[in-house]
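Note that these values count all heavy atoms, side chains included, but never hydrogens, waters or copies made by symmetry. Order of the sequence lines sets the chain letters (A, B, ...), proteins ahead of strands, with each chain counted from 1. Quantities reported herein were computed from a predicted structural model and do not represent experimental measurements.
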Amino acid sequence: MGQTEPKQVTQILGELVAGDDSAASRLLPLVYEELRALAGHIMKGERPDHTLQPTALVHEAYVRLVGTGETKWKGRAHFLAVASRAMRRLLINHARDRRAAKRGGGEWARVTLDEAVAVAEERVVDIIALDEALERLGTLNERQARLVELRFFGGLSLEEAAEVMEVGRTTAKGDWTIARTWLARELGKTKTHGL
Amino acid sequence: MDSDRHDHIGQLFLEARELPASERGAFLDEACNGDRELKREVESLLACEADDLNLEQVPGLDVRAGVTDLDKRLKEEAVAEAANLPTRIGKYQIVRKLGEGGMGIVYLAEQSHPRRRVALKVIRPGWASDRLIRRFLNEAEVLGQLQHPGIAQIYEAGTAKMEATSGASEAEQPFFAMEYIEGLPLNRYIARKQLNVRQQLELIANICDAVHHAHTKGVVHRDLKPSNILIVDEGTKDSRDLGTKGEEEADSHSAPRPLGPSVPSSVQPKILDFGVARVTDADIQITTLQTDVGQLIGTIPYMSPEQIEGDSSHLDQRSDVYALGVICYECLAGKLPHELRNASIPEVARLIREEEPSRLSSVNSVFRGDIETIVAKALEKEKERRYASAAELAADIRRHLEHRAIIARPTTAAYRLRKFAKRNKVLVGGIVSVFIVLLAGIFVSTSMYLKAEDARVEAQDNLTLAEEREQEATEARDQLQVVVDFQSSMLSEIDARQMGRSIVADQRNHIRKRLEKEGRSSEEIEAAVTSFNKLATLVNATDLALEVVDEHVLSRAMETIDQEFAHQPLVSAALRQTVANAYHEIGLDESAMPLQEAALRTRREQLGNEHPDTLSSINRMGLLHRSMGDYPEAESYYREALENRRRVLGDNHADTLQSMANVASILIDQGKYDDAEKAAISARDRSREHLGEEHNRTLEATYVLAQVYDKRGRHDQSEPLHLRVVDLRRKTLGDKHSKTVDALNNLAGWYWDNGRYDEAEKLYVEILETRRRTLGEEHPKTLRSTNNLGTLYHKQGQYEKARKIYTGSLELHRRVLGAEHPDTLILLSNIATLHVQSRDPKSAIALFEEMLEIRKRISGPHHPDTLFTMNNLAHAYSRIPGRLEDAERVNREVLAIRREVLGDDHPDTLTSLCNLASQLVTQKKYEEAEPLHLEAVEIADRAFEPNHPAALFALKNLAELYGMTDRLDHAIPIYIDVVDRHGKKFGDAHFKTMTLKHGLANCYQRMRRYDEAKPLLTEVAKDARTSLPTNHWMTGQVLTSLGNCHVALKEYTEAEATLIESHAILTKAVGPRHSYSRAAVKSLVRLYEDWGKSNKADEWQTKLPPTVKP
């Protein structure tokens, strides 16, 4: 954790933009560390947020690692793509740990008064089931899985995601519709099957 | 399933979903062409579209749920990292890693010389670029310039090799050693200590001070945020005892709390992490400028608009002011000014640059007004519109806390007026704001309360969650209590007198403005204002204000409470209690009572008699009854509170002991001195044993006991107690502390009561000086001290000194406290009394009648103050021969009320009895007077100490009555008795002792017992000459009597000298035409006639001026 040397990140991003795909694998651990550090600060109560919003976190990581200068915008999409992956890992690890803790007969998840009202309106996604479903979707259509990852974990808009994946907007939109419906069905199935 | 099939299914799904549901079946039949599996797949997707997966909304990590697990993981990692922990850096022994900051790692380290723990900051190994090192050293340089208790102090900066178990590193690493701070981050501290708004604001003002210090050194922090501000709290001792209590309300009933106690001085904020701070000092700027442009560091929510643009050359101290504004907002509101979660970077930038944050009052209405204005000014988008410095922000926060006008708004006249009024414990145009606050408060309260209720109900349903839910419920209720307390304090600040006048003034301004708007001529406007002023004099401003408060604020508040909380009896009770307190504070005790009763009833039913809230209501009930002069009722409530506290808290709990002191006080009020003494001794002894000699409760109880002794006339017993309280206060709190001054005030009062005027005067002068210095010339307590000193002179017969002080402070009283303030009324009463004594009873009567009307209205017809004024009025009437019947009538009224309310044995009743009897004597109604005098003596003997002033007074009156009715054989033994007692108690030189001796001597003279009269008069004359001011009428009168005595004994030479002296004194003291002076002349004439010097007798006879009224 801690702050990575921005020059390092900027340089790797430059290689990514230039088409060096291996650069992503070098960037990932850096971003992951940054995200984990940020999340850690929040969880240790150094910030008042009750819920860690991955999207905001990814953006924060970007500002901390790269900055917001105009010259940096080219690399942003690439960064976010990597960050989405990192975020997914972070969330999954976090969720696995929680599940392990629950199974151990220890603590139950606490429902907080102020959050509970808001969350109840939404369908809460079981993050681990989602991860597994996404894994399966990846074997069927890698592009669709990646799109979900970008939007879901990285908070990218459809247009941004399309740009990162270098596909047209229409394609992206179709992929998005198919993917989320497919996932909804898969997750519903898991639920009814009581996995 | 393979990927082609998946894509095929997807494609069909996309096409089918564009069709109306009715056409989808046919489309799929055709497209699937008999592949039933394919069709089923597509159909299942179409079916799922309805219950769409919300993938736009990321569920996020529930932090609270994750804390434990994640903490564990982080700890495990910390253990792993510890293996790589360096053992030593330079001369510093590494203890453990504290954390990682913006550009390095911070270790806890130990230094041997001097021996201390330091926070050692080094650049992360292997990551040190030239740029980082430059910035690192920059930080060290910056920090070195800063010396402030609110900023983490740097001890040393340098470079050193790092040693680890695996060996030493090659390169020198930059490090610096700084103050190691153990504290909680600001936001966590506030949450943990549950700081109230005032405390939070004080803390933030202190943080501003530290930031300002850095600014004066040219340092901008640029990364201020709660986690960068640690709060060190050294005060672990009893910090709850922060309330203050004035001695003038010399008792221990609980006063309504103000906004809450202040943050103790032991709480110190420490600002960390100047790592990214930029030195605006020119030459350092050049070296850092290039590396900083386009670089955004710091946490986004705290970034100012100029910072979010990434242009560091535009940053200055006002960027920190912005961050302080965000911090302040976040502390108070519990959320950030902008909702940044889920926002993309350009959106975040736009929000911060363009969007106004939601106003603080939308979060909680308690912030409406100053607080949100101050925070909004700090959060202005254009830095030119912000506070120019952190110091200005701090100053405005403090202005608000002190109820002075803040600068953060264009100051309109109405606004200034409001602030002025508030500073003087008033709400002027604030009626409306009180109203809004109250109502808004109720709505906020509703939602909070409902949450609390929900939580409670759920908790009952779900045992596993019970504990947490209960806590949530308690928290919500506490919040509610904050709102209620706040309202209470707002309302208690209403000063109806001043408010009424302000309403009139507002109205006048309003008329003037409207006419100006209409373009009227200045003559017309003046005419209108003049006629308004005439009308306004007909309106009683106080009544007007009370009506407004009652009708528009309190009654409406009651309606709202009735409507909103019909089903929440406890909330309703809390609010009723608040409104009852408010009524009491503005002097409408009659209106307070039904609410007070209802609040108490509900709490008894819902919470039982032992719940703290019920106890608080019981106490308030006692207070209210006491305030209304209904002492027996008050006593029963105070006693109930005491019993309940005994049961719940035990006999020796501080609250129980406070209740005990309350009971003692109310017993004193009722003249039940035996019981009062027992209660006070018990409270004092228990407090001393269980809380310590120097504890506040012990000293309070000691004071109550001293009061008992004083009331019983056992002044020798009370003196050491008063002295003890003064000594301990001086020792523990210092000479200037308000409680010390309060104790001094009590001791001075004791000296006064015991005729030790010189000592009293010395103390009053000290008190006045201290208060002038510490509180200022215009503070009510300073004014009261002034009044005390004036009254002391007054009582000693030094009328000129008294008059000077009185008239000098009357204007201040009227201006600062208002014309109808109790203290102003006391001052007026004293001035009126001076009138009486300066033989101007008519002026006195006018003043007393005016005061009586006010008293009756403000305090009610039975209130002790009202009765006191009636007594004075009666006294003034008695000085005008034509109004003696009025005097008698008023005296009888007072006596009847006191007999009924206080009982026969109360000292005040006794005083009334004596007054009426004396009055009857003045009217020569001796037959009616005698039984009253005898009753008075009988009561005094039965119910009071032998030397109690009331007993002495009663005896004196009886003696005088017998003297007047020529029953001298009855009078003389009584005189001898009372002279003896009085002399023992007050000394021979006491004015009253002298008067009594003079009276006794007169009796002797009338019985021609000159041999007994002469030594007595000689003695008194000697005392009078030495102890009274020169040319005092008393000295003259005694000398006349002595002269007459000499004449009777044919000691003409002595008689001549004595009488000439007495005439000279009396002429100067009361004027040549006064009956005293005339009596002296007559005595001289008789002397010369007896002496055979008829020419001298004739000469003096011609000097006898024409008769005037005595």
Side-chain angles (χ1 to χ4, degrees), chain A residues 1-3 5-7 37 39-56 59-60 62-63 67-69 71 91 94 97-98 101 107-110 112-113 115 122-125 127 139-141 148 151-153 155 157 174 177-178 180-185 187-188, chain B residues 1 3 6-7 10 13-14 17 44-45 48-49 51-71 73-74 100 102-103 105 124 127 129 132 185 187-188 226-227 294-296 299-300 310 330 334-335 340-345 348-349 451 455 464 468 472:
Chain A
M1 65 179 163
Q3 195 177 0
E5 165 69 82
K7 199 165 83 187
H41 284 305
I42 294 170
M43 301 210 180
K44 277 188 283 178
E46 290 171 20
R47 296 218 329 226
D49 316 28
H50 294 315
T51 305
L52 188 157
Q53 288 297 340
T55 316
H59 287 148
E60 193 168 335
Y62 178 73
V63 174
T68 57
T71 52
L91 284 171
H94 177 62
D97 288 354
R98 271 172 75 185
E107 281 205 333
W108 286 91
R110 298 180 198 193
T112 60
L113 211 59
E115 306 283 327
E122 297 166 10
R123 174 128 168 232
V124 182
V125 177
I127 203 99
T139 63
L140 298 171
N141 186 321
V148 172
R151 297 210 58 196
F152 191 85
F153 294 105
S157 68
T177 309
I178 294 166
R180 70 180 194 177
T181 313
W182 188 88
L183 283 169
R185 191 192 67 188
L187 292 174
Chain B
M1 198 195 307
S3 59
H6 170 82
D7 289 345
F13 160 67
L14 282 183
R17 69 190 281 275
S44 70
L45 284 179
C48 281
E49 202 181 18
D51 94 89
D52 201 353
L53 182 65
N54 188 357
L55 286 179
E56 265 94 359
Q57 272 294 323
V58 188
L61 306 176
D62 184 334
V63 172
R64 293 187 201 178
V67 168
T68 328
D69 341 342
L70 207 84
D71 263 1
R73 263 179 73 192
L74 291 169
E100 291 164 272
M103 51 186 177
I105 303 174
R124 191 183 282 276
W127 285 32
S129 66
L132 265 183
N187 47 352
R188 283 179 63 194
S227 59
Q295 181 70 37
L296 273 177
T299 313
I300 299 173
E330 187 184 356
K335 64 166 198 170
L340 300 177
R341 292 183 292 190
N342 299 326
S344 63
I345 289 184
V348 165
K451 267 188 188 176
T464 52
E468 297 147 30
E472 301 275 0

Write down the atom of A/Thr139, the atom of B/Ser3, and the distance for their closest heavy-atom approach. O-CB, 4.2 Å

Would you check if A/Thr177 and B/Arg17 make a side-chain contact, meaning some heavy-atom pair closer than 4.5 Å? yes

When rounded to the nearest 0.5 Å, the distance separating CG of B/Asp7 from CD1 of A/Ile178 is 7.5 Å

